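Throughout, a chain's letter reflects where its sequence line sits, starting with A, and its residues are numbered from 1. What you see is a predicted model, and the numbers here were worked out from it, not measured in a lab.
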2 protein chains.
Amino acid sequence: MDITQERAEARDLPFNVFAKACPSRGTLEHVTGRWGALTLGALHEGSLRFNELRRRVDGVSEKMLSQTLHALERDGLVHREAQPTNPPRVDYELTPLGRDVAERLLGLIHLVEGRMDDVLAARARYDETRGAL
Amino acid sequence: MDITQERAEARDLPFNVFAKACPSRGTLEHVTGRWGALTLGALHEGSLRFNELRRRVDGVSEKMLSQTLHALERDGLVHREAQPTNPPRVDYELTPLGRDVAERLLGLIHLVEGRMDDVLAARARYDETRGAL
DNA sequence: CCGCATCCCCGAGGATACTG
DNA sequence: CAGTATCCTCGGGGATGCGG
């Protein structure tokens with residue numbers, strides 16, 4: 001039987017994201033966070049340089065991208081490959097673990113994108129009945 | 001061929017989360033956000049009342065849970081069932097779309113939880129080489 | 001029990017300028 | 001090109017109190 005199918009508190013895994021103090025919660029936030037998710041998604045297509053990544057993840061600032069990449073690298077999801085040339089060239093790519101994570105993430109992203117019509121319809125309904133107060 | 005396997009800009013879907021102005025980005029943030037992800041995860045086990053939910057999602061405040069539930073309800077991921085009894089009883093449960101989303105989310109959550117050893121090891125390595133500066 | 005309203009603070013995150 | 005440093009703002013989010 002697949003343990004990942006169990007209810008969270010029934011599993012005997014050492015890490016439970018529903019518990020406030022669990023380190024897995026922090027990592028989950030790096031992964032699902034505003035820029036983390038998009039960065040991992042972009043890198044799933046292949047290795048990218050800093051500014052390529054920046055153009056791909058529309059709206060991210062230099063600072064936040066840098067910060068996000070550091071967090072993901074530290075968690076072992078992204079590998080940073082710097083070449084001491086001039087001008088400098090730095091490539092970022094997913095680690096095997098990062099690829100696993102990115103795949104699930106992209107599944108979720110594509111699901112959301114594919115069902116946006118339903119979401120938008122639900123919003124319209126909600127706003128109509130609730131907004132009329 | 002499965003369209004979800006395509007690169008983001010090669011797909012002809014109307015919604016692209018990598019674009020700054022796309023509404024799908026907002027919904028993705030509701031879903032993957034700090035409290036959104038945990039709320040959906042908790043509700044995947046079944047219908048829950050407000051305070052049950054609050055105890056389950058360790059650390060969430062009344063305000064943020066309320067806010068999160070509103071956003072998810074508006075996006076059509078959660079259904080709110082209020083019974084006009086006294087004391088009031090309100091149940092929250094996932095919609096079919098919410099279940100689809102929650103399943104992918106839980107897949108991601110369980111992956112992260114299951115690989116935390118690797119993450120922690122990566123962090124230790126990172127901090128050792130980088131922290132020594 | 002289920003919330004909404006209010007106050008308030010702190011940190012995420014943007015803009016800008018500078019370095020290697 | 002690939003970042004780091006600094007400043008500043010805005011809103012996420014906690015604490016508290018009230019109302020149905």
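At least one side-chain heavy atom of E113(A) sits under 4.5 Å from a side-chain heavy atom of N16(B). M116(B) is listed as a side-chain neighbour of P23(A), based on a closest heavy-atom distance under 4.5 Å. By the 4.5 Å heavy-atom criterion applied to side chains, F15(B) and L120(A) are counted as neighbours. Between L94(B) and L77(B) the shortest side-chain heavy-atom distance does not fall below 4.5 Å. Here the side chains of D100(B) and L111(A) are in contact, with some heavy-atom distance below 4.5 Å.
In this view, R104(A) satisfies the salt bridge (Lys or Arg N to Asp or Glu O under 4.0 Å) rule with no residue, not counting sequence neighbours. Scored by the side chain to side chain contact (heavy atoms under 4.5 Å, CB included) test, A121(A) finds R125(A) as partners (sequence neighbours excluded). Not counting sequence neighbours, the partners of A19(A) by the side chain to side chain contact (heavy atoms under 4.5 Å, CB included) test are C22(A). By the side chain to side chain contact (heavy atoms under 4.5 Å, CB included) test, H79(B) is found to be paired with E81(B), E93(B), T95(B), residues two or more places apart in sequence or in another chain being considered. For R49(B), the side chain to side chain contact (heavy atoms under 4.5 Å, CB included) partners two or more places apart in sequence, or in a different chain, are E52(B), R89(B), D91(B).
Within a heavy-atom distance below 4.0 Å of DNA chain D, the residues of residues 27-42 of chain B found are R34(B), W35(B). Residues from residues 83-93 of chain B that place a heavy atom under 4.0 Å from any atom of DNA chain C, listed by number: P87(B), P88(B), V90(B), Y92(B). Near DNA chain D, meaning a heavy atom under 4.0 Å from it, residues 62-81 of chain B has E62(B), K63(B), M64(B) in order of number.
Helix bend of the helix from dC1(C)-dG20(D) to dG20(C)-dC1(D): the angle between its two end axes, each built from five pairs, comes to 50° after rounding to 10°.
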Next on the checklist: Working note: L38(A) + V60(A), criterion side-chain contact (heavy atoms from CB on, under 4.5 Å); need CA distance, chi angles, decisive distance, verdict.
Outcome noted: CA-CA 10 Å; L38(A) 297 176; V60(A) 70; over 6 Å; no

Next on the checklist: Working note: F18(A) + R56(B), criterion side-chain contact (heavy atoms from CB on, under 4.5 Å); need CA distance, chi angles, decisive distance, verdict.
Outcome noted: CA-CA 7 Å; F18(A) 290 97; R56(B) 225 152 229 295; 5.7 Å; no

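For DNA chain C, the outermost nucleotides in 5' to 3' order that have an atom under 4.0 Å from a heavy atom of chain A are dG13(C) to dG20(C). First and last contacting nucleotides of DNA chain D toward chain B (any atom under 4.0 angstrom from a heavy atom, 5' to 3' order): dG13(D) to dG20(D).
Once rounded to the nearest 0.5 Å, the distance linking CG of L65(A) with NE2 of H70(A) reads 9.5 Å. Between the OG1 atom in T68(B) and the NZ atom in K63(B) there is a gap of 11.0 Å [rounded to 0.5 Å]. The CZ atom of R99(B) sits 14.5 Å away from atom CG of L105(B), with the distance rounded to the nearest 0.5 Å.
With hydrogens and angles left out, the side-chain atoms of R80(A) and Y92(A) include a donor and acceptor closer than 3.5 Å.
Sorted by first then second residue, the side chain to side chain donor-acceptor pair (under 3.5 Å) pairs that include residues 23-38 of chain A, not counting sequence neighbours, are T27(A)-R123(B), H30(A)-D75(A).
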